[in-house]
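Below is one structure; the comments refer to it alone.
All ligand and atom numbering here is 1-based and tracks the order in the structure.
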Amino acid sequence: MSTNIKENLDNITSRIFKATRKAGRDPSEVTLLAASKTMELKQIKEAIAAGVRVFGENYVQEAKEKIEKTARKPVAWHFIGHLQKNKAKLAVELFDMIESVDSIELATELNKKAKTAEKTLNILIEVNLAKEKSKGGVTPKQVDKLVKKANELSNIKVKGLMAIPPYTENPEHVRPYFIALRRIAERINREKIPGVFLNELSMGMSSDFEVAIEEGATIVRVGTAIFGERKPKTK
Ligand SMILES: *Cc1c(COP(=O)(O)O)cnc(C)c1O
């Protein structure tokens, strides 16, 4: 894989375009989120120059420096990692969206901090589709309850669902998980809960974003295919 960020992005953008066309969707319905954990500020700036407008970070402290040293606009930052409650305040200050909310306790804490900061925080509910112990997220059965409860919080807006399905070599093997996530959102939308409409489906990574788009992804989170391989974390 090339480490030329501009070249990689051009390639991914055209693949996104083709996948949306194949699915009969409009390319504007899909946002490319650059998953930039472990990447240096220099690479992030390169990606911004090449047209990236949304970044996803997994560690609050690591993201803080990058966000502060980057002109905020026109770039948005999403949190996509496991969020500890004691980082909620900083996360609310830094991020435009928290994609990985998986408990009412976390949602409540985020709401409290958002209230103090006088902002409305957009969130996604993370769903653990294969019930993997190593990953965060609520089980498919718990989604309804969490969406309804989070929806009652004054400074939280639930925009949709996010999932990190099990990794397999063959993206076709992940397709059923993408379908499952879409169906959960469709089912909840049919309930017509006042104030609830799940628009966003954050699913698909470097190895499978085209399949995710075919199944309705509105946000694809791509790291390696943009930046090249990550260096192993040394903490
Ligand atoms: C790192 C990461 C990605 C991107 O993974 P790649 O395989 O490098 O594209 C997507 N989503 C989450 C939650 C991540 O942590």
Name every donor-acceptor pair, under 3.5 Å, that has one atom in a side chain of residues 16-30 and the other anywhere in the protein, sequence neighbours excluded.
from  : atom 1 : to     : atom 2 : distance (Å)
Thr20 : OG1    : Ile16  : O      : 3.2
Thr20 : OG1    : Phe17  : O      : 2.7
Lys22 : NZ     : Glu214 : OE2    : 3.2
Arg25 : NE     : Glu29  : OE1    : 3.0
Arg25 : NH1    : Ile213 : O      : 2.9
Arg25 : NH1    : Ala217 : O      : 2.8
Arg25 : NH2    : Glu29  : OE1    : 3.3
Arg25 : NH2    : Ala217 : O      : 3.0
Asp26 : OD1    : Ser28  : N      : 2.9
Asp26 : OD1    : Ser28  : OG     : 2.7
Glu29 : OE2    : Asp26  : N      : 3.4

So the salt bridge (charged side-chain N to carboxylate O under 4.0 Å, His left out) pairs with at least one residue in residues 155-166 (sequence neighbours excluded) are none

d(Thr13 OG1, Asn8 CG) to nearest 0.5 Å is 10.5 Å

Sorted by chain and number, sequence neighbours left out, side-chain hydrogen bond (donor to acceptor under 3.5 Å, both in side chains) with Asp144 holds for Arg187

Worksheet item: Do Gln43 and Ser36 have side chains that get closer than 4.5 Å, going by heavy atoms?
Response: no

Looking only at heavy atoms, the pair that brings Ala163 and Leu129 closest together is CB-CD1, 3.7 Å

Counting only non-hydrogen atoms and a 4.0 Å cut-off, the residues near ligand 1 are Ala35, Lys37, Asn58, Ile80, Ile164, Met205, Ser206, Arg221, Val222, Gly223, Thr224, Arg230

